[in-house]
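All remarks here apply to the structure that follows.
Letters go in sequence order (proteins before strands), and every chain restarts at 1. Keep in mind that this is a model prediction, so the values were computed, not measured.
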2 protein chains.
Amino acid sequence: MDAVQDEAAGKRARGLDRAFEILDFLRQKRQALKPNEIAAQIGAPRSSVYELVNLLLQNGILEFTGGEGRVYLGRKLYFLGAAYENHFDFTRECEAALEQLADETRETAQFCMLDGNRYTVVRMREGARPFRISTDVGQSVPIPWTASGRLLVAHLSDQEILTFIPPQDFRLPNGEWLEPQTFIAEVRQAEREGLFTFNSIVDSFTHCFAVPVRGEEGHAAATLCLVTPRDDGIANRDRYLDCLKKAAAGLDHAPTRPKRG
Amino acid sequence: MDAVQDEAAGKRARGLDRAFEILDFLRQKRQALKPNEIAAQIGAPRSSVYELVNLLLQNGILEFTGGEGRVYLGRKLYFLGAAYENHFDFTRECEAALEQLADETRETAQFCMLDGNRYTVVRMREGARPFRISTDVGQSVPIPWTASGRLLVAHLSDQEILTFIPPQDFRLPNGEWLEPQTFIAEVRQAEREGLFTFNSIVDSFTHCFAVPVRGEEGHAAATLCLVTPRDDGIANRDRYLDCLKKAAAGLDHAPTRPKRG
DNA sequence: CATCTATGTCCAATATAATGTACATGTGAT
DNA sequence: ATCACATGTACATTATATTGGACATAGATG
């Protein structure tokens, strides 16, 4: 998970980009880190990171926490995030949909979106029979690793998909290489059928179901997913897909609709 | 609500600071704006704002919404804010406390914190008899205008308070000037008593009650407040304060305690 | 038609931000 | 004691980011 390094090496990075690289890195790590550690792990000059961290601390974007000079995301980010959530008011409806899915299926239900050019679980409702879920809420994951990923990029052309997804993200967690053309074929299939299901690539014991939640532009702004034990998933496939489609219908056009204006 | 302009005029502003100035401005406005409008209203060079807005759009920090090139806070901010909330896990306990207060008093209850050098309502639970609340959730308000403000700066020295609060924030909404020494005296009184109550300065018909929620460092990391009609507030003063203290006790040390680590 | 404002783009000038390097300190291992 | 490493600070250099202003367009107004 190294620095993106933009395009050319040897160029200076822009402060803003580095700053958000730091913030994203802390989000991924989900823990407070020393500036020195941040610099080492994202491959940025230490002096730059110290400079930026101090600026971000002054702005309340970062906060000291965890002692020994460690920093983590700050309160200001919470306020800004809350303003976003308030504007694009999807939380309430989203929770209701997850609740409904949990009631009807007793399985783990997730609401997922793109985070830049990766996939992330925005909200999750654990099933009645909890097992170790491979991806936590808020972690970003390569798009090709997920069922939802097939739906979330379906509005792009083949070429756009290849440009959009970082090439190394086609390397699966087990080390295998997923041929981009294979992935694209699955995207088109998912687009036609309005759903995608498969045995998880990330672990060896779950089956994943994903259906699109359509935004104002008509394409998948988010997905609703079920993550089930493989036997259960295959046994209840039709019923689970019905539940998902019903729940997604209740959200359609919602995730991107502003509350006012 | 003009730009902070930092210290000296005529100096170039740092991109990072301008960027967060833009974000904060959009949060205050709570609506999408055109880059041109942003530039005009925060008093920044148009070319700079266009440049920064484009950078922020690329990073997902801002998003196009509302048409005609208008931009608002982006999804990335939501993710970062959610990570903050997840780390400093105060939401669940906070909601429970507000719920409890609402049950016991039927009045409007608020959970408030500092946002930089101003005050903001983080969460609110409307009372049974709703009236027009003068400050919305997420709006930042001068510290001296609020009861909570007396508690939230009580850990600072007199001199630090004067440095911390922007001088113009002592100008009350009705145009009167609140003498900083008067304010400081009220801060010290609130500190001794562990509470502050007054007839609202912002409107003419409510009474405000505030008690501290203490963080790890022992000082007020947040406050719990009740906003009541003046008659009710004065009639039920003792009971309301008991309710507040009970609820705050349940939150103490919570707002700043990390879930892990 | 002429004028004014709102909006967005482009570009050169220069103030300065990002960086590499040196320095200082503490800690643990050899 | 000596070395290696982690951590933080200070500063000069130079690549570049910020800025002012020119330019283009579209509506609105008189």
Side-chain angles (χ1 to χ4, degrees), chain A residues 2-26 29 31-72 74 261, chain B residues 2-26 29 31-72 74 261:
Chain A
D2 53 356
V4 181
Q5 289 293 56
D6 273 68
E7 340 260 318
K11 306 275 293 180
R12 284 191 184 185
R14 191 181 272 243
L16 251 188
D17 292 330
R18 276 249 199 271
F20 287 113
E21 193 180 341
I22 290 171
L23 298 183
D24 250 347
F25 182 68
L26 288 172
K29 286 296 185 182
Q31 59 174 315
L33 292 171
K34 299 178 191 179
N36 208 34
E37 298 173 312
I38 298 173
Q41 297 186 48
I42 70 175
R46 291 194 309 136
S47 46
S48 304
V49 172
Y50 275 101
E51 167 99 9
L52 288 170
V53 164
N54 283 328
L55 278 174
L56 294 170
L57 283 168
Q58 284 173 36
N59 278 296
I61 307 294
L62 289 179
E63 284 176 15
F64 282 118
T65 178
E68 309 191 37
R70 270 182 274 259
V71 297
Y72 193 64
Chain B
D2 53 356
V4 182
Q5 288 293 55
D6 274 68
E7 340 258 318
K11 306 274 294 181
R12 282 193 185 184
R14 194 180 270 244
L16 251 189
D17 292 329
R18 275 250 199 269
F20 287 113
E21 193 180 342
I22 291 171
L23 298 183
D24 251 347
F25 181 70
L26 288 172
K29 287 295 186 180
Q31 59 174 319
L33 292 172
K34 299 179 192 179
N36 207 35
E37 297 172 312
I38 298 174
Q41 297 187 50
I42 70 177
R46 290 191 312 135
S47 44
S48 305
V49 172
Y50 276 101
E51 169 98 9
L52 289 170
V53 163
N54 282 328
L55 279 174
L56 295 170
L57 283 168
Q58 283 173 35
N59 278 295
I61 306 294
L62 289 180
E63 285 176 13
F64 281 118
T65 179
E68 308 192 38
R70 270 180 275 260
V71 297
Y72 193 64

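- Going from atom CD of A:Glu51 over to atom P of D:dT7 covers 20 Å, rounded to whole Å.
- Comparing B:Pro45 and A:Gly15 by the nucleotide of DNA chain D whose heavy atom lies nearest to each, the residue mapping closer to the 5' end is A:Gly15.
- Here CG of B:Leu16 is found 10.5 Å from CD of A:Gln58. Values are rounded to the nearest 0.5 Å.
- Atom CD in A:Glu21 sits 10.0 Å away from atom CG in B:Asn59 (nearest 0.5 Å).
- Across all strands, B:Ala13 comes closer than 4.0 Å only to sugar-phosphate atoms, never to a base (heavy-atom distances).
- For the atom pair CD of B:Gln31 and OH of B:Tyr72, the computed distance is 8.5 Å after rounding to the nearest 0.5 Å.
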What pairs of nitrogen or oxygen atoms, one from the protein and one from nucleotides 25-29 of chain D, lie under 3.5 Å apart?
none

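- Separating the CG atom in A:Leu26 from the CD atom in A:Gln41 is a distance of 9.5 Å, to the nearest 0.5 Å.
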Protein-to-nucleotide contact annotation, 5' to 3' order, nucleotides 3-11 of chain C [B base; S sugar-phosphate only; - none; under 4.0 Å, heavy atom]: ---SBBBB-
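- As a whole-Å value, the separation of A:Leu57 CG from D:dT9 C1' is 16 Å.
- Whole-Å rounding puts the A:Leu33 CG to D:dG8 C1' distance at 16 Å.
- Put simply, CG on B:Leu55 is 14 Å from P on D:dT16, counting in whole angstrom units.
- In this structure, B:Arg18 and B:Leu52 approach most closely via the heavy-atom pair CB-CD1, 3.4 Å.
- Atom CG in B:Leu16 sits roughly 16 Å away from atom P in C:dT16 (whole-Å rounding).
- Contact check, B:Arg14 against C:dA18: a side-chain N or O comes under 4.0 Å of OP1 or OP2.
- Counting all heavy atoms, side chain and backbone alike, A:Pro35 lies closest to A:Val49 at O-CG1, 3.6 Å.
- Residue B:Arg18 places no side-chain atom within donor-acceptor reach of the base of D:dT18, judged by atom type and a 3.5 Å distance cut-off alone.
- Distance B:Arg12 CZ to C:dA15 P: 7 Å, rounded to the nearest Å.
- Rounded to whole Å, atom C1' of D:dG8 lies 16 Å from atom CG of A:Leu52.
- Closest non-hydrogen pair, B:Arg70 versus B:Lys34, comes out as CG-N, 3.5 Å.
- Distance check: A:Leu23 CG to A:Leu62 CG gives 5.5 Å after rounding to the nearest 0.5 Å.
- A:Val71 pairs in a side chain to side chain contact (heavy atoms under 4.5 Å, CB included) with only one of the listed residues (A:Thr65, A:Ile38, A:Leu56), which is A:Ile38.
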